[in-house]
Amino acid sequence: MVKKQLLLIDGNSLAFRAFFAMHNQLDRMISHDGLHTNALVAFNNFLDTIVDPMQPDYALVAWDAGKRTLRTDKYDDYKGGRSKTPPELSEQFPYLREMVELHGIKSYELVDYEADDIIGTLARQGEADGMQVTIITGDKDLTQLATENTTVVVTIKGVTEVENYTPAHVAEKYDGLTPHQIIDMKALTGDTADNYPGVTKIGPVTAIKLLNEWGTLENLYDHVDELKKSKMKENLINDKENAFMSQDLATIRTEAPLEVGIDDIAYKGPDYEAIIPFYQNLDFKQQLAKLKSQGHMETTKEPQKVLKYTEVTADNLAEISQLSGDVAVYIETPAENYHISEMVGFVVGNAEQGYYVSRSVELLLMPAFRDLLEDNLIKKNVFNAKATYVLLNRLGITLAGTDFDLLLASYLVDTNENNNDLGALAHEHEFYDVETDEEVYGKGAKYAIPADDNIYFEHLVHKANAIDLLREKIFNRLNEHEQLPLYNEIELPLTFVLAKMEIAGITVDTQRLQEQGSKLVERLSELEQSIYRQAGEEFNIQSPKQLGEVLFEKMGLPVIKKTKTGYSTAVDVLEQLAAQAPIVEAILEYRQVAKLQQTYIDGLLKVVHSTDSKVHTRYLQTLTQTGRLSSVDPNLQNIPVRLEEGRKIRQAFVPSHPDWEIFGADYSQIELRVLAHITGDEHLQAAFRDDEDIHAATARRIFGLTPEQEVDGLMRRKAKAVNFGIVYGISDYGLSQSIGVSRKEAKGIIDRYFEEYPGVKAWTENVITEAKANGYVETLSNRRRYLPEINSRNFNLRGFAERTAMNTPIQGSAADIIKIAMIKMEAVLEAEGLETTMLLQVHDELIFEAPKAEIEKLTTLIPKVMDSAVQLDVPLKVESHHGLTWYDAK
DNA sequence: TTATTCACG
DNA sequence: ACGTACGTGAATAAC
């Protein structure tokens with residue numbers, strides 16, 4: 001028989017999570033009555049995506065009753081020092097309870113007790129009745145309740161990403177402890193969040209060690225005299241009273257005098273009828289749209305607005321010429337790679353004069369359309385200008401007059417609003433009068449452009465209309481963010497520079513690639529045989545699972561690191577094992593060779609266009625959180641360079657004309673120069689003004705060398721790692737891992753760095769403070785990245801957000817600079833009448849192909865354009881190289 | 001679809 | 001005390 005399911009939810013803890021998960025949206029999510037709704041929205045998503053699909057038999061949301069509880073009676077300072085619940089959250093609590101009830105779940109609170117105790121009590125009752133219990137909370141303390149029949153689900157990030165604690169998982173996380181021992185662990189460590197003390201100087205590591213040795217707090221204290229004389233022993237004895245008080249406070253009650261029983265909390269499921277007015281009152285447009293699409297809402301489904309449109313025929317082409325003012329232009333492609341996808345329809349027009357649609361893109365070649373599209377004075381509204389430009393270019397039309405790109409502008413306003421589906425993106429902007437492609441075309445095997453003209457054309461027309469109607473709203477937001485120059489002067493011009501680079505493509509010497517490939521294949525089979533022989537069996541070397549079994553079980557090598565699913569066999573692990581077993585060396589080489597063969601030989605050959613023997617990557621301009629580009633189909637930003645074997649792949653990238661060369665130019669230390677500029681640090685700036693070797697200069701400073709003393713290789717290597725670390729948002733742990741010293745030593749080095757570069761220290765502190773206050777950070781060009789986790793109470797999430805707050809202005813400003821350089825570069829090459837063509841961008845370098853006759857000029861021109869792209873307080877430095885292949889441009 | 005590994009700046 | 005360096009894409013295995 002299937003066990004009945006009992007679901008218990010920690011209301012307060014999840015409400016806090018929900019509130020802070022959407023804290024950056026706080027000012028935007030306000031209902032027409034002025035009520036903040038961010039926690040309500042996130043909590044509702046949680047109920048929709050996690051609770052409703054579970055369909056438990058019984059469910060309850062437990063809430064804290066008030067400030068005073070049994071625990072505060074026992075210990076005045078319990079949960080003292082906690083900052084007050086923000087009023088923006090407090091006002092949402094009554095609605096949260098109502099929302100829970102409307103989802104068919106009982107809400108409950110009990111005077112003197114906390115939500116934990118209600119959950120603990122019902123969990124034990126449920127178990128006694130033979131049920132399977134699930135507890136959902138944001139508070140790890142509840143993991144003490146885990147048993148074979150009770151799983152504690154703890155949220156990791158937001159309210160929909162979770163981790164399941166079973167007794168086995170508790171043992172894994174806490175080095176063998178049972179859930180019940182969590183209580184004694186808390187007794188020893190105390191809890192800063194709940195503000196109770198524990199024993200001085202005992203943290204989780206020591207606590208776990210003690211409990212693994214003595215089992216329980218009581219047993220530990222019974223035998224405390226047997227411990228070796230130590231500071232810890234003294235602390236244990238001195239803080240005994242605190243330990244037992246903390247134990248009491250940490251213990252979740254399982255016999256609270258509840259007035260509800262299991263029978264009273266049957267799960268009823270959402271009351272769709274009653275929830276509609278509730279959503280309407282809170283202006284939950286997205287949730288209402290979802291109810292409609294799921295058919296829970298009467299066909300009150302407002303019919304989509306009727307938009308005026310005409311199918312293009314030979315007879316009405318004249319009307320197209322009458323279009324004036326702004327027009328939306330959208331071309332439909334079933335596949336995302338616009339360089340090769342079929343084109344299956346288009347729409348051109350505007351709401352006032354009507355939209356013109358057809359399945360035949362060839363019609364765009366008619367003068368009526370061509371003249372309109374190529375007219376710089378007729379402003380175009382589009383979704384993804386780069387795709388539109390490339391698609392029209394394939395038809396022989398040069399798009400001009402592009403003014404608004406919904407996708408690009410939306411990404412600048414908030415880097416997360418970058419959905420490549422027009423409908424989905426419009427929904428994120430609270431515009432619902434357009435469906436997603438998935439809704440209209442289906443997905444996967446079911447994907448099909450509708451055969452019915454009405455359905456298909458209306459979808460196209462609603463897309464065009466969405467672009468038109470969102471235009472003003474998004475421009476306003478760009479303006480509020482002071483991002484109009486970023487949009488008009490950087491991103492929009494860049495999109496056409498990128499389009500031309502993609503269209504140009506880079507020629508691949510496929511024969512060369514195949515020759516290299518056959519050598520690799522040969523080497524692979526040698527290595528394979530050698531590995532099988534040494535392992536004594538044949539297995540799949542590319543399976544980390546099978547490889548782990550061979551190395552760690554069969555051959556008994558020591559386990560250095562584990563992953564979520566088993567043994568780690570990553571490079572750093574294997575390198576540590578190499579001395580112990582020769583097979584490891586062979587595996588490392590096998591991995592390296594297989595990577596080259598699979599990703600760079602076979603992978604590249606697959607995407608070479610047969611027509612021109614080139615690869616045409618697509619640069620994603622609206623993806624990264626920092627403002628960098630990324631490159632796909634193929635990725636030309638990660639072609640091997642560090643190891644000679646891989647670097648040879650670059651010999652296959654060649655100019656498209658005889659007597660031409662590949663020319664490359666790269667910024668030297670651009671990120672550290674940006675750092676010197678934005679921090680204003682005098683010492684760092686001086687080093688760059690004097691064109692010093694920056695890593696050696698840093699080494700001199702942090703190791704306190706006199707001018708006569710030489711910087712040795714080890715010092716420079718360490719200083720280089722520190723410089724990297726500063727850019728990444730440094731931590732002592734990270735640095736210690738990268739240079740293989742103790743954490744303490746790493747911390748000393750960082751302290752020295754900050755003493756020597758006080759401007760950098762002040763800036764890092766300041767940027768974090770600003771991020772906490774604003775919820776975002778910005779680059780030199782006002783590119784913005786939101787950091788919702790910057791105020792999280794979760795150490796990991798907050799730490800990550802803090803490092804990001806430091807890294808993004810640096811990495812993002814460097815991205816701004818090279819983008820500006822690219823725009824100027826295209827103009828200069830044109831103005832100088834050069835044939836040289838810009839082909840690739842790899843974050844801090846640009847790759848060109850050029851006639852040999854132009855090379856000499858380029859060696860001064862290109863670095864000049866790049867180093868004068870922006871004026872910083874330190875000089876920018878650019879190095880350039882050229883040769884017959886990309887490999888030789890070094 | 002998710003996890004792991006490894007290529008780049 | 002906590003436990004990670006920042007940003008990406010592609011291939012493969014294993015669900």
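In what follows, chains are A, B, ... by sequence order, proteins preceding strands, each numbered from 1.
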Rounded distance [0.5 Å steps], CG in A:N419 versus CG in A:L407: 9.0 Å

Interatomic spacing from OG1 in A:T510 to CG in A:L604 - rounded to 0.5 Å: 10.5 Å

Pairwise 5' ranking along DNA chain C for A:I730 and A:G203, keeping only the more 5' one: A:G203

Nearest-nucleotide comparison on DNA chain C, the residue closer to the 5′ end among A:V722 and A:D602: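 Of the two residues, A:V722 wins.
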
Which part of the nucleic acid, if any, lies within reach of [X] when heavy atoms closer than 4.0 Å are counted: base, sugar-phosphate only, or nothing?
| X | result |
| --- | --- |
| A:Q737 | nothing |
| A:N540 | sugar-phosphate |
| A:I810 | nothing |
| A:I202 | nothing |
| A:S631 | sugar-phosphate |
| A:G729 | nothing |
| A:S630 | sugar-phosphate |
| A:R785 | sugar-phosphate |
| A:A721 | base |

Atom P, compared across C:dG3 and B:dA7: separation rounded to whole Å: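 These two P atoms come out 29 Å apart once rounded.
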
B:dT4 versus C:dT4 - spacing of their P atoms, nearest Å: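 Nearest-Å result for B:dT4 against C:dT4 at atom P: 13 Å.
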
Covered region of DNA chain C, 5' end to 3' end, by chain A [heavy atoms, under 4.0 Å]: C:dA1 to C:dA14

Whether A:F663 and A:F848 hold their rings parallel, tilted or perpendicular, with breakpoints at 30° and 60°: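 Plane angle over 60°, so perpendicular.
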
NZ or CZ of A:R803 within 45° of A:Y728 ring axis and under 6.0 Å: no

Pairs flagged by side chain to side chain donor-acceptor pair (under 3.5 Å) wherever residues 732-747 of chain A is involved - sequence neighbours left out: A:K747-A:D751

Ionic contact status for A:K561 with A:D572, cut-off 4.0 Å: yes

Nucleotide forming a Watson-Crick or wobble pair with C:dA13, both distances under 3.5 Å: B:dT2

Backbone N/O of A:S792 and side chain of A:R798: donor-acceptor pair under 3.5 Å: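 Present.
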
Neighbour count above 12 (heavy atom, 6.0 Å) for A:E585 CD: no

Nucleotide-resolved protein contact map, nucleotides 3-9 of chain B, B/S/- at heavy-atom distance under 4.0 Å: SSSBBBB

Side chain to side chain contact (heavy atoms under 4.5 Å, CB included) between A:L188 and A:L211, worked out: CA-CA 10 Å; A:L188 289 166; A:L211 288 169; 4.3 Å; yes

